[in-house]
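Please read all numbers here as calculations on a predicted model, not as lab measurements.
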Amino acid sequence: MKKILSLTLLSIIVATITIPTIFLGSSEATYTAMGTPYVDKDFQQTIDEYFNLRKTLLLPDNQVPQAFVTNKLAGFLDSPNVASKIEERLSAVDNLALYHDVHVLDTANSATVTDITQSGASTYKAKVYEWTWIEYNDGQGSATDIMGFATDHEMVLQKDDAAGYKILDDIYDDSDILGVPSHYNDSLVSSTQGNESVSIKSNGINSNVDLNVNNLIDYADKWVVHEYSKDAMMNPSNYNKSVYGYYSADCANFVSQCLDAGGMQYDYGDGKHNGNWDGTQWWFDLRPNPSYENYNVSPPSWRLVSKFIEYWKNQGYSQVSATASTVFPGNPVMNNTSHVGICVGYNSSGTPIINAHNRDVYHVPYTMIGSGTKTTIQILTKNKMQYDPSDATTITPSTTSQSMVKYMNPGSNHYYTFTVSSAGYYTFETAYYASSQLDTKATLYKPSRTSNGTLLYMDEIASNDDGGDDFNCRLREYLTPGTYYIRVRAIGLSETGYYYFFYKKG
């Protein structure tokens with residue numbers, strides 16, 4: 001169990017250390033909305049040191065040199081609020097393991113300063129958007145997974161000619177991710193943890209639903225990160241804002257977008273009209289003007305959690321307790337009636353994982369959608385995907401073309417993984433097998449691809465639909481050394497049958 005360090009003791013102990021090397025990469029503070037006034041390099045150094053400390057405090061005890069924590073904490077203890085936040089963070093590793101089976105192996109973060117204003121003769125207010133990335137397993141020897149979550153900070157810094165800058169305050173809340181869930185207690189955890197039935201290989205869906213889960217997941221992974229571009233200081237990328245708008249409370253809007261990408265049909269009820277508050281409609285005007293927080297381009301059931309739940313229940317779908325055996329890819333997962341995310345698959349130990357907005361989360365276990373009671377809308381009642389990255393077939397491309405034959409179930413997908421030891425071109429394609437004529441699509445992923453200065457697991461780097469013969473897919477990419485995954489699926493939801501998968505170096 002991680003011990004809470006004495007802040008009084010830390011404030012009087014000084015040591016010189018070397019910052020440990022982090023596999024996922026160090027913190028990276030970027031400035032995209034500097035505005036006026038200009039802030040000097042000491043400001044940036046203070047931000048960098050503080051967010052590097054935040055990253056390090058999430059590491060397991062055996063990876064955190066006591067001298068490092070002691071020395072670095074001493075510089076951030078002038079503010080009682082900052083000191084208490086740091087102390088809370090020291091408990092996070094234990095909380096993650098106890099309540100979510102997330103056993104931290106490594107961490108990384110990126111901090112983007114999105115706004116700076118001068119509030120006094122020597123004080124500045126800074127808004128910072130931080131992504132924290134955690135490499136973890138289930139503590140039972142399973143494969144390693146990566147999850148991420150965003151945190152919005154409102155910071156106050158003061159210029160000190162002798163000491164650079166001091167952080168006077170940092171207002172944020174990540175207790176829903178790193179704290180003790182409000183509905184947990186010790187007896188509940190000890191009596192129930194690890195006893196849930198997990199069945200992720202069964203195939204089939206609710207007979208009333210024709211949902212393309214693959215498309216839904218592609219969309220959810222692509223638009224979950226709120227990126228800020230250094231080349232577009234005044235026009236940051238707000239998710240898919242240009243199409244669907246963006247709301248300060250964007251969670252239901254995001255989940256609705258994902259369901260839309262999966263092919264759920266718009267429902268105009270008795271005729272599209274604005275101001276519909278009875279939960280009988282679900283649609284979005286794809287050409288809104290203006291787009292930002294425009295409440296006339298969709299009904300509340302699209303963008304308001306309570307009305308979102310009401311609408312899907314009115315459609316005949318059940319709202320049930322969220323467990324590892326009731327949450328399936330494509331299903332919304334709610335924290336009470338205040339927050340909603342969407343299931344995008346499973347981690348290596350079979351736990352359903354979630355993407356969401358506000359807070360932004362990427363591939364976090366479903367138990368981390370919020371600190372309250374979790375429920376799910378069972379739009380899907382079975383795991384339609386059937387396979388996930390942990391089932392990937394290992395292939396070894398060489399200069400000689402190789403192939404294998406696979407059978408594709410309706411709506412399913414197959415994963416392949418391979419390691420590139422020497423850079424070069426690699427080719428992957430499918431072909432018809434006997435009488436089966438699947439219309440296939442292939443997507444290439446590289447776990448180490450960066451996004452917003454951080455590492456993003458299973459990030460898409462290329463895809464192809466009909467680049468091969470007829471309706472077959474074909475990818476030819478120049479790849480550098482590393483590990484890659486390819487996901488192959490049929491475009492049509494009802495398509496099934498055998499197909500050839502060819503691969504080679506060259």
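Between V340 and I377, every side-chain heavy-atom pair lies at or beyond the 4.5 Å cut-off. A 4.5 Å side-chain heavy-atom check between Q257 and W302 finds at least one atom pair inside the cut-off. No side-chain heavy atom of F418 sits less than 4.5 Å from a side-chain heavy atom of T396. Within the 4.5 Å cutoff, side-chain heavy atoms of F43 are placed close to those of Y124. Here the side chains of H100 and P181 are in contact, with some heavy-atom distance below 4.5 Å. Taking 4.5 Å as the limit, every side-chain heavy atom of L168 sits out of range of all side-chain heavy atoms of M155. In this structure, Y415 and N413 have side chains that are in contact, with non-hydrogen atoms separated by less than 4.5 Å. Using a 4.5 Å heavy-atom cutoff, the side chains of K159 and D42 are in contact.
In this pair, Y478 and Y425 present their aromatic rings perpendicular. The plane angle is above 60°, beyond the 30 to 60° band. Aromatic ring pairs are classed by plane angle as parallel below 30°, tilted from 30° to 60° and perpendicular above 60°; the pair Y129 and W131 is perpendicular.
E88 CD to S175 OG: the interatomic distance, rounded to the nearest 0.5 Å, is 7.5 Å. The CD1 atom of I146 lies 8.5 Å from the CH2 atom of W133; values are rounded to the nearest 0.5 Å. The OG1 atom of T367 sits 9.0 Å away from the CD1 atom of I354 when rounded to the nearest 0.5 Å. Considering CG of L216 and CG of D260, their distance stands at 10.0 Å, rounded to 0.5 Å. One distance of note links OG of S463 with CG of L475; it measures 7.0 Å at 0.5 Å rounding. Here I395 contributes atom CD1 and I486 contributes atom CD1; the two are 5.5 Å apart, rounded to the nearest 0.5 Å.
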Intermediate values then yes/no, side chain to side chain contact (heavy atoms under 4.5 Å, CB included), I309 and T337: CA-CA 8 Å; I309 295 172; T337 59; 4.2 Å; yes
Could you give me the CA-CA distance, side-chain angles and deciding distance for F149 and L178, then say whether side chain to side chain contact (heavy atoms under 4.5 Å, CB included) is met? CA-CA 10 Å; F149 64 93; L178 302 179; 4.1 Å; yes
Please determine whether side chain to side chain contact (heavy atoms under 4.5 Å, CB included) holds for the pair L157 and D169, giving the CA-CA distance in whole Å, both sets of side-chain angles, and the decisive distance to 0.1 Å. CA-CA 7 Å; L157 291 86; D169 205 354; over 6 Å; no
Start with the C-alpha gap between R487 and Y445, add the side-chain angles, then the distance that decides, and say whether side chain to side chain donor-acceptor pair (under 3.5 Å) holds. CA-CA 8 Å; R487 181 157 61 108; Y445 303 89; 2.9 Å; yes
Begin with the C-alpha distance, continue with both residues' side-chain angles, and end with the deciding distance and a verdict on side chain to side chain contact (heavy atoms under 4.5 Å, CB included) for F328 and I379. CA-CA 9 Å; F328 298 101; I379 294 176; over 6 Å; no
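Using modelled atom types, no side-chain atom of N464 and backbone atom of A442 make a donor-acceptor pair closer than 3.5 Å. In this structure, the side chain of N109 engages the main chain of F51 through a donor-acceptor pair within 3.5 Å. At least one donor-acceptor pair under 3.5 Å links the side chain of T326 to the backbone N or O of S321. When atom types are taken as modelled, the side chain of N355 and the backbone of H363 share a donor-acceptor pair closer than 3.5 angstrom. When atom types are taken as modelled, the side chain of Y362 and the backbone of D221 share no donor-acceptor pair closer than 3.5 angstrom. Side-chain N or O atoms of E477 include none that pairs as donor or acceptor with a backbone N or O of L479 at under 3.5 Å. Between the side chain of D48 and the backbone N or O of T46 there is no donor-acceptor pair closer than 3.5 Å. No donor-acceptor pair under 3.5 Å is formed between the side chain of S298 and the backbone N or O of F284. In this structure a side-chain-to-backbone donor-acceptor pair under 3.5 Å is missing from T419 to T483. A side-chain donor-acceptor contact under 3.5 Å links H357 to the backbone of W223.
Cation-pi geometry between R54 and Y172 is satisfied (NZ or CZ under 6.0 Å from the ring centre, within 45° of the ring normal). Cation-pi geometry between R303 and F308 is not satisfied (NZ or CZ under 6.0 Å from the ring centre, within 45° of the ring normal).
A pairwise comparison of heavy atoms in P481 and S421 identifies CG-O, 3.8 Å as the closest pair. Between C258 and A220, the shortest heavy-atom distance links the atoms SG-CB, 3.6 Å. Between I217 and P329, the closest heavy-atom pair is CD1-CB, 4.4 Å. Here the shortest heavy-atom pairing between P332 and T376 reads O-OG1, 2.8 Å. A pairwise comparison of heavy atoms in G179 and Y99 identifies O-CD1, 4.3 Å as the closest pair. Heavy atoms only, all atoms of each residue included: S349 and D145 are closest at N-OD2, 4.5 Å.
With sequence neighbours left out, N137 forms a side-chain contact (heavy atoms from CB on, under 4.5 Å) with H103, L105, S142. Not counting sequence neighbours, D250 has no partner by the salt bridge (charged side-chain N to carboxylate O under 4.0 Å, His left out) test.
Side-chain contact check for S325 and T323: at least one donor-acceptor pair (N or O, by modelled atom type) lies under 3.5 Å. A donor-acceptor pair shorter than 3.5 Å can be found between the side chains of K505 and S422. Side chains of Q158 and Y165: a donor-acceptor N/O pair is absent below 3.5 angstrom, by distance only.
Each of T107, N347, D106, D101 was compared with Y136 under the side chain to side chain donor-acceptor pair (under 3.5 Å) criterion, and only N347 meets it.
With respect to the salt-bridge test (charged N to carboxylate O, under 4.0 angstrom), the residues K127 and D152 do not qualify. With salt bridges taken as basic N to acidic carboxylate O contacts below 4.0 Å, one links D174 and R89.
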